[in-house]
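Worksheet: one structure, shown below.
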Amino acid sequence: MRHTLYLKFILGYVIFGLFSLLTVSLFVPNITRDYLITQKAQDLYSEASLIADTYGQGLYSSRTSFETVTLQLDALSVYMNSDIRIISPDGLIILDTAKSGSDGDSSVKMITNFDPSVSGRSYYLTGDFFGSFDEEVLSVICPIISEYRTKGYVSIHISMDEIDSECESLLNISYITLIIIFLLSLIILIFFTRIVYIPLRKITKGAEKYAEGNYHYEVNVESSDEMGYLAAALNYMSGKIADAEDDQKKFIANVSHDFRSPLTSIKGYLEAMLDGTIPAEMHEKYLGIVLNETERLTKLTNGLLSLNNLNTKGMHLDMTDFDINDMVRKVAETFEGTCRKKSIAIELVLMGDELLVHADKEKIEQIVYNLTDNAIKFSHNDSVIRIETAEKKNKIYVSVKDNGIGIPPEDIGLIFNRFYKSDSSRGKDKKGTGLGLSIVKEILTAHSENINVISTPGEGSEFIFSLQPVNVDEV
Ligand code: ADP
């Protein structure tokens with residue numbers, strides 16, 4: 001199963017080779033032989049008709065002597081490696097260059113069943129020429145016409161062996177060409193193996209590793225073609241999955257830790273109250289601490305739930321028109337108690353009395369709440385937090401600025417990631433979940449709006465997000 005593609009290609013290559021070989025060996029010999037016979041016959045016929053018009057007519061009109069004609073035709077037959085005959089219409093061989101040779105035996109021979117019209121429309125015939133040859137020959141016959149009468153025929157014969165051996169030489173060339181093509185196409189197979197098959201195997205192996213859960217496995221394909229791009233995309237994807245997995249692990253560790261510590265203290269205080277270690281008059285104080293811890297648990301659970309809800313595909317937004325100034329005021333009021341404890345003042349710089357925006361009111365309230373909560377958490381005692389609303393270029397901007405601990409530059413890009421808590425903030429904010437800003441980001445993304453951070457460690461941070469004013473939507 002794993003090597004199917006490669007096997008298919010090898011099989012395709014072998015089939016291609018066999019098929020080519022079969023085609024060449026089945027069809028090419030016949031085609032070549034027929035072609036050679038026709039070509040040869042054509043040449044012989046031209047020669048025969050030339051002889052008929054010159055020596056043939058000369059002989060019959062007694063202009064040329066028999067000896068001269070014999071001599072000339074002998075020389076010609078040697079030159080053409082053929083047998084030339086002059087035959088009378090009734091089949092009597094008057095001259096035969098094969099017989100007039102060395103022994104001078106020019107004995108007259110009769111061809112029985114001589115029929116020059118037997119070749120029909122084609123001007124040549126193959127075979128033993130009416131039984132006058134012991135082997136197969138290619139023969140052409142051309143009439144000698146004098147005074148409008150056929151006086152005899154000139155026939156030229158060459159051995160079919162000669163044609164066959166010529167045919168064989170040509171076929172050998174075809175086979176050699178075929179082998180060269182076959183070997184050249186082997187180069188394609190080698191290229192295919194290097195360019196497609198090996199990278200594909202590496203990619204498949206990578207995919208298997210990912211399926212096993214090993215997202216840190218790297219697919220090592222260096223090429224700059226589609227294969228390289230696919231491998232790079234896979235590496236990128238697995239990197240992202242690995243990061244998400246790491247985040248998840250970090251999150252579970254954080255959540256477990258954050259759940260365990262309040263639960264341990266709740267359990268400890270309640271047990272101490274029950275067994276009397278904490279006297280009854282101190283119960284109120286410790287119940288207050290227990291309540292505080294349960295609030296922390298509730299916050300954590302709520303954060304998880306809202307992130308989960310926001311995450312479910314196609315976040316539903318209940319878009320309405322509302323006054324953002326009013327919302328900011330109300331959120332600031334809810335933090336009065338906390339601010340008093342840390343002597344933090346919230347300064348509101350709101351544009352106009354009323355600033356209408358078009359958004360999901362409940363979700364925007366959560367954003368303002370989370371940002372203000374963070375600003376207070378990470379502010380020093382006796383400092384000022386400034387919440388500002390403004391309208392610029394058909395956008396409403398809300399800014400929450402504190403004079404707190406600030407965010408290190410290397411953390412700025414990470415704080416919107418889920419579960420991310422910067423190390424510097426850990427000591428200051430034990431209750432943090434690392435979910436607040438990711439909830440903010442998700443809500444704004446669903447609104448197609450943005451959030452920016454300007455922060456200097458030790459000096460403070462400013463979070464600015466945009467909203468859509470009411471009039472833009474109505475246009
Ligand atoms: P958390 O529940 O920890 O506040 P957030 O997602 O709201 O989670 O914030 C993530 C991290 O971003 C915080 O742990 C903190 O390190 C940093 N951060 C957020 N807001 C501020 C801020 N106003 N000042 C300094 N650091 C901040």
Side-chain angles (χ1 to χ4, degrees), residues 306-307 310-311 313-335 344-379 383-418 420 435-457 459-475:
S306 57
L307 196 67
L310 297 179
N311 242 346
K313 261 206 161 171
M315 185 197 296
H316 172 71
L317 294 178
D318 186 11
M319 302 294 276
T320 52
D321 298 342
F322 61 90
D323 179 12
I324 186 76
N325 286 349
D326 188 44
M327 175 185 285
V328 168
R329 274 187 218 108
K330 282 185 180 147
V331 171
E333 272 169 27
T334 60
F335 284 103
I344 291 173
I346 299 186
E347 186 190 337
L348 302 182
V349 184
L350 308 176
M351 188 180 217
D353 274 347
E354 194 186 64
L355 194 57
L356 289 180
V357 293
H358 184 70
D360 184 318
K361 190 174 178 189
E362 215 176 289
K363 295 199 167 75
I364 300 302
E365 187 168 17
Q366 196 171 358
I367 295 179
V368 180
Y369 186 93
N370 286 1
L371 293 181
T372 315
D373 188 35
N374 278 349
I376 297 169
K377 271 193 308 194
F378 300 112
S379 276
S383 63
V384 177
I385 290 168
R386 206 163 96 137
I387 309 180
E388 199 176 333
T389 58
E391 183 171 13
K392 270 178 230 162
K393 294 183 186 164
N394 268 336
K395 277 274 172 203
I396 305 282
Y397 292 94
V398 181
S399 135
V400 181
K401 187 177 181 191
D402 62 58
N403 297 304
I405 59 169
I407 305 164
E410 65 272 18
D411 286 351
I412 295 252
L414 305 169
I415 54 170
F416 290 101
N417 288 356
R418 271 178 229 173
Y420 187 79
L435 297 175
L437 286 182
S438 60
I439 292 173
V440 167
K441 181 82 182 169
E442 299 240 7
I443 294 174
L444 287 171
T445 309
H447 278 82
S448 307
E449 297 295 345
N450 277 315
I451 181 158
N452 275 317
V453 199
I454 306 160
S455 186
T456 317
E459 282 185 22
S461 320
E462 183 178 8
F463 288 80
I464 310 153
F465 67 92
S466 61
L467 285 173
Q468 197 182 353
V470 167
N471 55 340
V472 170
D473 190 45
E474 283 168 357
V475 170

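With contacts defined as side-chain heavy-atom distances shorter than 4.5 Å, the pair Phe465/Asn450 does not qualify. Using a 4.5 Å heavy-atom cutoff, the side chains of Thr372 and Ile346 are in contact. Looking at His447 and Ile364, their side chains come closer than 4.5 Å, going by heavy atoms from C-beta outward. Proximity of Val384 to Asn403: side-chain heavy atoms (C-beta onward) are separated by under 4.5 Å at one or more points. Using a 4.5 Å heavy-atom cutoff, the side chains of Phe463 and Ile415 are in contact. Residues Lys363 and Ile367 are not in side-chain contact: their nearest non-hydrogen atoms beyond the backbone lie 4.5 Å or more apart. A 4.5 Å side-chain heavy-atom check between Ser455 and Ile412 finds at least one atom pair inside the cut-off. Asp318 places none of its side-chain heavy atoms less than 4.5 Å from the side chain of Glu362.
For the atom pair Asp321 CG and Ile324 CD1, the distance stands at 12.5 Å (nearest 0.5 Å). For the atom pair Asn374 CG and Ile407 CD1, the distance stands at 8.5 Å (nearest 0.5 Å). Atoms CD and CG, from Glu333 and Leu348 in turn, are 9.0 Å apart once rounded to the nearest 0.5 Å. Here Thr389 contributes atom OG1 and Met327 contributes atom CE; the two are 12.0 Å apart, rounded to the nearest 0.5 Å. Rounding to the nearest 0.5 Å gives a distance of 7.5 Å between CG of Asp360 and CE of Met319. With values rounded to the nearest 0.5 angstrom, Ile385 atom CD1 is found 11.0 Å from Glu347 atom CD.
Using a 3.5 Å distance cut-off with no hydrogens or angles, the side chains of Glu449 and Ser466 do pair a donor with an acceptor.
Minimum interatomic distance between Ala375 and Asp402 (heavy atoms only, all atoms of both residues): CA-OD2, 3.5 Å. Contact record, Ser461 with Gly406: OG-CA, 3.5 Å, taken as the closest heavy-atom pair. Scanning all heavy atoms of the two residues, the minimum distance from Asn325 to Met351 falls at ND2-O, 2.9 Å. Shown here for Phe322 and Lys361, the closest heavy-atom pair between the two residues is CE2-CA, 3.5 Å. In terms of heavy atoms, Leu350 sits closest to Ile387 at CD2-O, 4.3 Å.
Taking the six-membered ring where the residue is Trp, Phe335 and Tyr369 present tilted rings, their angle falling between 30° and 60°.
Salt bridge annotation for Glu365-Lys330: absent, with no cationic side-chain nitrogen under 4.0 angstrom from a carboxylate oxygen.
The side chain to side chain contact (heavy atoms under 4.5 Å, CB included) test with Ile451 is passed by exactly one of Leu371, Ile464, Ile443, Val398: Leu371.
Counting non-hydrogen atoms of neighbouring residues, nucleotides and ligands closer than 6.0 angstrom, the NZ atom of Lys441 exceeds 12 such neighbours.
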